[in-house]
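One structure is given below, encoded as structure tokens.
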Amino acid sequence: MPRNLVAETLRQGLYTRVVGKRILFFQSLDSTMDEAARQAEAGATDGTLVVAETQSMSRGRMGRTWVSQPGNLYVSVLFYPDREKLPHLSSLGAVAVVRAIRKSCGLPARLKWPNDVLLKGKKVAGILVESTVDGDRVSYAIVGIGINVTMDCERVDELSSYATSLEAAAQREISRDGLLRHLLHEIDRLYLKLAEGQTPLEEWKTLLDTLGQRVTVSFQRESHTGLAEDVDEVGNLLLRLDDGQLITLTAGDVTLQQPYLKLADE
Ligand code: BTN
């Protein structure tokens, strides 16, 4: 029987102002996103945390499934942000995950735009933000985070080529409750800062390995290749195409191309 990792996290002490003031732990769920949405509809408080040991219908970005197995970390946090704060929740989640991985495992996690968390170039965690907006008002927003902690990605066909886990990268056992505690502290700190008007943009940019690289960005049936020059103030990618045009991309999958070579006479 898997341990109740929330009980362990709380036993070790959780000092947050908003995040996790109410915590719901489930051995199994359809998706922590769906449970957080049900909680929101029932009027749950800001920062309500949903944790599941496994999920039967977990989802990732762009309609993909997210492989969920016991021993990893699957959480969703419910927020009621102001409309202008909404675009920052995804980078907030990513920065919090990177900080938590560094603090609890000592591993130098990095990011691939928009928010794949990487260790040595392989994906170890992902962030999914879903929201319900009514006119200019955000009814609620949910930040979902999945972190591969013990997953043996080599043995999962759909993950083996590009994913890893914290334990595989660290080559040692990782304390999930320690990781969860750090994660909640970091989300809480960043969310309080965001409420005061301080966005995670600058820190997020320094973690983005994508910038300065020649990449192909695919979204639905379109793809564009160019230099990932910068991101704008809400995190959209600014891609310099080969014809010199600068385009703004709001979503997509990034693939690294050959390094950008500066011509001698440029
Ligand atoms: C991605 O595609 O990179 C985002 C993956 C997000 C997965 C997490 S696991 C917890 C929460 N529940 C879900 O169904 N999805 C998110």
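Counting begins at 1 with the first residue of the sequence. Counting starts at 1 for both ligands and their atoms, in listed order.
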To check your reading of the model: name the closest protein heavy atom to atom 5 (C) of ligand 1, its residue, and the distance in Å. W66 CE3, 3.4 Å
The answer for which part of V75 has a heavy atom under 4.0 Å from ligand 1 is backbone
Tell me every residue that passes side chain to side chain contact (heavy atoms under 4.5 Å, CB included) with E222, counting only those two or more places apart in sequence or in another chain. H224
Quick check on K123 - does any of its heavy atoms sit under 4.0 Å from an atom of ligand 1? yes
Here the side-chain hydrogen bond (donor to acceptor under 3.5 Å, both in side chains) pairs for residues 75-88, sequence neighbours left out, are T32-S76
Counting from 1 in the order shown, the ligand 1 atoms closer than 4.0 Å to a non-hydrogen atom of G60 are 1 (C), 2 (O), 4 (C), 5 (C)
Does the side chain of L166 come within less than 4.5 Å of E173's, by heavy atoms? no
Numbered atoms and elements of ligand 1 in range of S58, under 4.0 angstrom, heavy atoms: 14 (O)
Is there at least one pair of N or O atoms, one from Y74 and one from ligand 1, spaced under 3.5 Å apart? no
Passes side chain to side chain contact (heavy atoms under 4.5 Å, CB included), L241 versus T225? Steps please. CA-CA 6 Å; L241 302 182; T225 298; over 6 Å; no
Quick check: are there more than 12 heavy atoms from other residues, nucleotides or ligands sitting under 6.0 Å from NZ of K205? yes
Just to be sure I read this right, does ligand 1 sit under 4.0 Å from the backbone of I127, its side chain, both, or neither, counting only heavy atoms? backbone
With E186, the salt bridge (charged side-chain N to carboxylate O under 4.0 Å, His left out) member among K103, R181, K193: K103
Polar contacts were defined as any N/O atom of the residue lying under 3.5 Å from an N/O atom of the ligand; does this apply to T32 and ligand 1? yes
Nearest heavy atom to atom 1 (C) of ligand 1 wins, so pick from R61, K112, Q55. R61
Would you check, one step at a time, whether the test side-chain hydrogen bond (donor to acceptor under 3.5 Å, both in side chains) holds for N115 with S90? CA-CA 7 Å; N115 266 332; S90 177; 2.3 Å; yes
Does an N or O anywhere in S31 fall below 3.5 Å from an N or O of ligand 1? yes
Does R64 come within less than 4.0 angstrom of ligand 1, counting non-hydrogen atoms of the residue? no
Pair L183, V75 - check side chain to side chain contact (heavy atoms under 4.5 Å, CB included), show working. CA-CA 10 Å; L183 180 64; V75 306; 4.2 Å; yes
Say whether R59, considering both its backbone and side-chain N or O atoms, lies within less than 3.5 Å of an N or O atom on ligand 1. yes
